[in-house]
Amino acid sequence: MKKLLYIIPFLLTSTVALANDIYITQVGDSLDLDIVQDGTDNAIGNSTTDMIIKGDDMTFSITQQGDSNTISAIIKGNTYTGTWSFIGNSNTVSLLCDSTSGTNCENVTANITTNGDSNAFVITAGESNDAENLVANFTIDGDGNTINTDIDGTSVALTLVSDNSASTAATGNTFTIDVDGNGDINGHTINIDVTGGGSTYDITQSGLGDNTIEATFSGDGQDVDITQSD
């Protein structure tokens with residue numbers, strides 16, 4: 001088994017804040033990766049450098065505590081569990097699974113939690129309609145957060161739990177959930193549980209057979225659009 005792992009940490013200092021940057025390239029199976037960052041303006045990867053994880057049977061955990069932190073990650077592999085936790089405001093996360101890898105992003109569980117305001121998450125999985133047995137769980141506590149998911153493939157199960165104090169659209173959360181693709185005998189399942197008002201939800205779901213959306217909204221000023229088709 002060949003593994004290649006580069007971790008290059010940087011410590012940047014100024015009179016205003018401290019930041020840590022981590023760039024990772026991983027090739028190989030059975031990776032167990034844990035990252036903890038505490039502070040402001042920390043980064044794990046970016047649009048031009050690496051956080052690329054390639055291999056099967058992986059487990060990775062990322063915890064960021066602080067404000068204005070960023071993560072940009074590309075996952076190429078099957079059978080992995082990712083647990084990401086964010087505490088703070090104005091954090092940005094971009095996760096791309098199966099980017100031109102041909103490995104199908106199968107048997108994946110992603111657990112993402114955030115406690116804070118004005119955080120932005122962009123999750124893309126199964127770019128060729130082939131993400132299989134994907135379980136995605138989002139737990140959001142705070143105002144002004146944005147989640148944008150684009151998930152293509154069979155047997156997608158997505159759960160979103162949101163709790164915010166806002167009552168107007170100016171401070172509510174915004175969620176764009178796009179689950180589509182080939183589907184299978186069990187179809188896709190989306191479960192949404194919202195407490196708090198002023199949020200906007202756009203949900204698109206398609207595929208073959210038994211697609212299900214279960215949603216509970218408690219709060220004023222909700223804007224919900226649902227499109228479902230085969």
Q) Any donor and acceptor pair, going by atom type alone, linking the side chain of Q37 with main-chain N or O of G39 inside 3.5 Å? A) no
> Is a side-chain N or O of D117 found less than 3.5 angstrom from the main chain of N89, in a donor-acceptor match?
Replying inline: no
>> Side chains of S162 and D193 only: does a donor on one sit below 3.5 Å from an acceptor on the other?
In response: no
Contacts of D163 meeting side chain to side chain contact (heavy atoms under 4.5 Å, CB included) (sequence neighbours excluded), chain-then-number -> D141, T195
Closest non-hydrogen atoms of N173 and G142, given as atom of the first, atom of the second and distance, are ND2-O, 3.1 Å
Test your reading of the model: is there a side-chain donor-acceptor pair from D225 to the backbone of D202, 3.5 Å cut-off? no
Per side-chain contact (heavy atoms from CB on, under 4.5 Å), T124 is matched among I74, D178, L96 by L96
Can you tell if the side chain of F60 reaches within under 4.5 Å of the side chain of T81, non-hydrogen atoms only?
no
Quick check against the 3.5 Å criterion: does Q228 have a side-chain atom that pairs as donor or acceptor with the backbone of N211? yes
Between the CD1 atom in I62 and the CG atom in L95, the distance rounded to the nearest 0.5 Å is 8.5 Å
Hits for side chain to side chain donor-acceptor pair (under 3.5 Å) against N191, two or more places apart or cross-chain, chain-then-number order -> none
dist Q26:CD -> L33:CG (nearest 0.5 Å) comes out at 8.0 Å
When hydrophobic residues are tied together by side-chain contacts of less than 4.5 Å, even through go-betweens, does V135 share a cluster with I192?
no
Output for pair (N69 CG, Q64 CD), nearest 0.5 Å, gives 4.5 Å
Tested for side-chain contact (heavy atoms from CB on, under 4.5 Å) against I123, the lone hit among I112, I177, D150 is I112
Side chains of D67 and S90: do they bring a donor and an acceptor to under 3.5 Å?
no
Evaluate the side chain to side chain donor-acceptor pair (under 3.5 Å) criterion for residues N119 and N145: first the C-alpha distance (whole Å), next the side-chain angles of each, then the deciding distance (0.1 Å), finally the verdict.
-> CA-CA 5 Å; N119 298 299; N145 296 296; 3.1 Å; yes
- Are the side chain of N137 and the backbone N or O of L160 linked by a donor-acceptor pair below 3.5 Å? no
Would the distance check show the side chain of N148 and the main-chain N or O of V122 forming a donor-acceptor pair, the cut-off being under 3.5 Å? no
Would you say the rings of F138 and F175 are close, in the sense that their centroids are separated by under 6.0 Å?
no
In N111, T114, T113, V93, the residue satisfying side-chain contact (heavy atoms from CB on, under 4.5 Å) with W84 is V93
